[in-house]
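Structure, as structure tokens:
No hydrogens, no waters, no symmetry mates; every other heavy atom, side chains included, goes into these values. Note that the structure is a prediction, hence the values are computed from the model and not measured.
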Amino acid sequence: MAFKFATRPPLSLQNFCKNKPSLKASKYFKFRSAQTQAVEGIAAKPFKEIPGPKGLPIIGTLLDYVRDQGEGIRGYKRMHVMQQQRIQQFGSIYREKILNFETVAISNPDDVQFLFRNEGKYPTREPIFPLWMKYKEERKQAHGVFSLRGEEWYKVRRILNMKMLKPKVIGEYAQGLNEVSSDLLSRLKQTRDDEGLIPNIQDELFKWSLESVGTVLFETRFGSFSKSPSDEAAKFIEAVEKLFEVFLKAFPIPVWIDKFYRPTLFKEFYDCMDAMYNFADRCIEIRLEEIREKLEMGNIRDEDAAEFLTFLISRDDINSKEITANLVEILMAAVETVR
């Protein structure tokens with residue numbers, strides 16, 4: 001099987017003639033164009049010729065991510081550093097195999113944009129984490145945008161886009177997001193040391209991400225920056241924080257082993273997921289009560305208002321289980337970005 005990668009000049013050149021750039025910008029554009037310009041008539045190289053770390057038989061490069069990288073920090077907690085090292089060693093396109101998962105990483109922003117613009121109506125998604133699917137089946141949970149594929153994925157994504165990608169709606173999220181950012185800045189001022197350094201800044205960014213996404217998705221504040229969040233919110237925050245570490249540790253364990261013995265990591269994964277789903281269900285119940293009160297008073301807002309959860313609940317083409325699944329999965333994807 002053969003693949004072709006870089007195929008065209010960057011999109012930044014599209015308006016090159018309309019907006020006259022500076023000499024410095026012109027040199028940059030020419031350089032980027034030379035990097036990504038298509039070379040027609042040249043056969044694509046075989047997949048196996050893509051450079052990348054060799055790894056070990058069966059497990060691939062798994063040890064790189066579980067091995068201590070210094071100061072007691074495992075590789076999976078320094079993903080950004082490891083990826084940068086890979087790019088420096090193998091170039092902007094490299095492939096890597098972990099267990100039976102093989103991926104190709106691209107780091108050129110123009111190539112990433114081009115890939116997304118040409119992935120089609122129903123993108124081919126990465127393989128689903130087996131334990132995630134097992135949890136869904138055992139708990140009889142609906143699937144969201146993270147685990148759906150094809151037409152089912154498109155149907156749900158189209159609904160979500162109405163409240164996530166419309167500029168008019170996005171602007172109405174600004175006030176809530178600004179409040180979260182203000183809380184983050186206050187928190188950073190309180191925690192910085194005499195030299196102005198922030199210890200564990202990744203934890204603070206995690207709280208900021210969680211609160212920001214929660215403000216939009218759940219229409220509520222979790223209280224991550226509060227000294228005493230509610231019991232429900234505290235359990236939810238703890239579950240989200242713990243989930244990613246459990247997820248990565250449980251990843252190498254084959255799911256079939258659960259037929260004979262349930263590993264502790266599997267139990268912890270289930271507990272975290274249960275806490276997140278229970279919290280999402282509770283948010284929906286509260287919002288339903290508020291919507292009923294608004295309907296009785298004739299005070300319901302139109303669909304252009306930036307109330308994400310209210311909008312989903314008011315629709316007939318997505319049920320409460322599907323709403324919960326999508327809230328949890330979008331939240332996980334958003335928070336994972338800063339972990």
Specify the closest pair of heavy atoms between [X] and [Y], including all atoms of both residues, with the distance to one decimal.
{"X": "Ala250", "Y": "Leu131", "answer": "CB-CD2, 4.2 Å"}
{"X": "Met164", "Y": "Ile170", "answer": "O-CD1, 3.2 Å"}
{"X": "Val246", "Y": "Leu265", "answer": "CG1-O, 3.4 Å"}
{"X": "Leu63", "Y": "Ile59", "answer": "CG-CD1, 3.8 Å"}
{"X": "Pro123", "Y": "Trp153", "answer": "CD-CZ3, 3.3 Å"}
{"X": "Val145", "Y": "Ile330", "answer": "CG2-CG1, 4.0 Å"}

Any donor-acceptor pair under 3.5 Å linking the side chain of [X] with the backbone of [Y]?
{"X": "Arg95", "Y": "Ile50", "value": "yes"}
{"X": "Lys97", "Y": "Gly55", "value": "no"}
{"X": "Asp193", "Y": "Gly196", "value": "yes"}
{"X": "Gln84", "Y": "Val81", "value": "no"}
{"X": "Asn108", "Y": "Ser92", "value": "no"}
{"X": "Lys259", "Y": "Tyr261", "value": "no"}
{"X": "Ser212", "Y": "Trp208", "value": "yes"}

When the ring planes of [X] and [Y] are compared, do they come out parallel, tilted or perpendicular, using 30° and 60° as the limits?
{"X": "Tyr270", "Y": "Tyr135", "answer": "perpendicular"}
{"X": "Tyr94", "Y": "Phe90", "answer": "tilted"}
{"X": "Phe247", "Y": "Phe269", "answer": "tilted"}

With rounding to the nearest 0.5 Å, note down the distance linking [atom1] in [X] to [atom2] in [Y].
{"X": "Lys207", "Y": "Ile237", "atom1": "NZ", "atom2": "CD1", "answer": "8.5 Å"}
{"X": "Ser147", "Y": "Lys136", "atom1": "OG", "atom2": "NZ", "answer": "4.5 Å"}
{"X": "Met276", "Y": "Asp271", "atom1": "CE", "atom2": "CG", "answer": "13.0 Å"}
{"X": "Glu179", "Y": "Arg221", "atom1": "CD", "atom2": "CZ", "answer": "7.0 Å"}
{"X": "Met273", "Y": "Asn278", "atom1": "CE", "atom2": "CG", "answer": "11.0 Å"}
{"X": "Glu219", "Y": "Leu309", "atom1": "CD", "atom2": "CG", "answer": "5.0 Å"}

Using the benzene-type ring in the case of Trp, are the ring centres of Phe308 and Phe218 under 6.0 Å apart?
no
Are Trp132 and Phe146 an aromatic pair by the rule of ring centers under 6.0 Å?
yes
With Glu211 as reference, evaluate Leu184, Val180, Asp183, Leu177 under the side-chain contact (heavy atoms from CB on, under 4.5 Å) test and give the passing residue.
Val180
Note, [X] side chain near [Y] side chain (heavy atom, < 4.5 Å):
{"X": "Leu99", "Y": "Phe251", "result": "yes"}
{"X": "Leu188", "Y": "Glu204", "result": "yes"}
{"X": "Tyr173", "Y": "Thr215", "result": "no"}
{"X": "Gln113", "Y": "Arg117", "result": "yes"}
{"X": "Leu160", "Y": "Leu312", "result": "yes"}
{"X": "Val156", "Y": "Asn326", "result": "yes"}

By side-chain hydrogen bond (donor to acceptor under 3.5 Å, both in side chains), which residues pair with [X], not counting sequence neighbours?
{"X": "Asp281", "result": "Thr324"}
{"X": "Arg262", "result": "Glu138, Asp258"}
{"X": "Gln190", "result": "none"}

List the steps, then state whether salt bridge (Lys or Arg N to Asp or Glu O under 4.0 Å) holds for Arg139 with Asp274.
CA-CA 9 Å; Arg139 294 290 194 264; Asp274 286 343; 3.0 Å; yes
Is the number of heavy atoms from other residues, nucleotides or ligands within 6.0 Å of [atom1] ([X]) greater than 12?
{"X": "Glu119", "atom1": "CD", "result": "yes"}
{"X": "Asn118", "atom1": "CG", "result": "yes"}
{"X": "Glu151", "atom1": "CD", "result": "no"}
{"X": "Ile58", "atom1": "CD1", "result": "no"}
{"X": "Glu102", "atom1": "CD", "result": "yes"}

Working note: Tyr122 + Arg149, criterion side chain to side chain contact (heavy atoms under 4.5 Å, CB included); need CA distance, chi angles, decisive distance, verdict.
CA-CA 7 Å; Tyr122 308 127; Arg149 298 290 183 269; over 6 Å; no
Quick one: does NZ or CZ of Lys235 land under 6.0 Å from the six-membered ring centre of Phe279, within 45 degrees of the ring axis?
no
Does Leu288 share a hydrophobic cluster with Ile286, counting links as ILVMFWY side-chain heavy atoms below 4.5 Å and allowing steps through other members?
no
When clusters are formed by joining ILVMFWY residues with side-chain heavy atoms under 4.5 Å apart, either directly or through shared neighbours, do Trp256 and Met133 land in the same one?
yes
Does either side chain, that of Glu96 or that of Thr61, offer a donor lying less than 3.5 Å from an acceptor on the other one?
yes
Arg157-Asn161 side chain donor-acceptor pair, cut-off 3.5 Å
yes
Between Asp317 and Arg158, does a side chain to side chain contact (heavy atoms under 4.5 Å, CB included) hold up when you go through it step by step?
CA-CA 11 Å; Asp317 51 358; Arg158 181 181 57 82; 4.3 Å; yes
Salt bridge (Lys or Arg N to Asp or Glu O under 4.0 Å) between Arg282 and Glu285, worked out:
CA-CA 5 Å; Arg282 180 58 181 155; Glu285 290 175 8; 3.3 Å; yes
Before giving the answer on side chain to side chain contact (heavy atoms under 4.5 Å, CB included), spell out for Arg315 and Met162 the whole-Å C-alpha distance, their side-chain angles and the decisive distance to 0.1 Å.
CA-CA 12 Å; Arg315 296 186 65 88; Met162 296 178 188; 3.6 Å; yes
Going through the distances and angles, do Phe236 and Leu331 end up as a side chain to side chain contact (heavy atoms under 4.5 Å, CB included)?
CA-CA 12 Å; Phe236 179 83; Leu331 174 77; 3.0 Å; yes
Trace of the salt bridge (Lys or Arg N to Asp or Glu O under 4.0 Å) decision for Glu245 with Lys249:
CA-CA 6 Å; Glu245 184 171 351; Lys249 288 181 178 179; 3.1 Å; yes
